Amino acid sequence: MQRMLKGDIVEKKKNIIFLGNSRSGITHLTTGLNNEMLKNGYKVIFITVAKLVDELLMGNEGHKA
């Protein structure tokens, strides 16, 4: 976690994906991490898997001939 807060993973342009069961605290964890990254001047994106899949499917629909 300390490496993430220092930005090492961000500096290396790595994605961070948290997976887990409902009500396991993932949103709480990502919100805290996002807030710290924002304080350090980084841009963050928070997206649920459902929203990501929807966006990917819509993008795929737009490329069909």
Side-chain angles (χ1 to χ4, degrees):
M1 179 62 93
Q2 287 298 326
R3 282 185 25 194
M4 283 189 270
L5 293 178
K6 290 180 183 176
D8 291 349
I9 291 174
V10 176
E11 293 296 328
K12 294 178 182 177
K13 300 187 187 297
K14 300 287 184 181
N15 294 316
I16 303 170
I17 299 173
F18 294 102
L19 300 173
N21 295 328
S22 180
R23 305 200 52 83
S24 62
I26 296 168
T27 300
H28 182 77
L29 176 66
T30 56
T31 300
L33 179 60
N34 287 348
N35 287 339
E36 287 301 312
M37 297 308 291
L38 288 168
K39 286 180 192 175
N40 289 310
Y42 294 99
K43 293 180 183 179
V44 298
I45 296 173
F46 176 83
I47 188 168
T48 64
V49 171
K51 179 70 173 166
L52 177 61
V53 169
D54 284 344
E55 288 189 16
L56 292 171
L57 289 173
M58 287 191 310
N60 193 34
E61 293 275 325
H63 292 301
K64 288 184 179 179

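All values derive from a computational prediction rather than experimental measurement.
By the side-chain contact (heavy atoms from CB on, under 4.5 Å) test, Asn34 pairs with Val44, Phe46, sequence neighbours left out. With sequence neighbours left out, the side-chain contact (heavy atoms from CB on, under 4.5 Å) criterion links Lys51 to Ile47, Thr48, Glu55.
Under the 4.5 Å side-chain contact rule for hydrophobic residues, Phe18 and Met37 share a cluster.
How far CG of Asn40 is from CG of Asn35: 11.0 Å, rounded to the nearest 0.5 Å.
Here the shortest heavy-atom pairing between Thr27 and Thr30 reads O-OG1, 3.0 Å.
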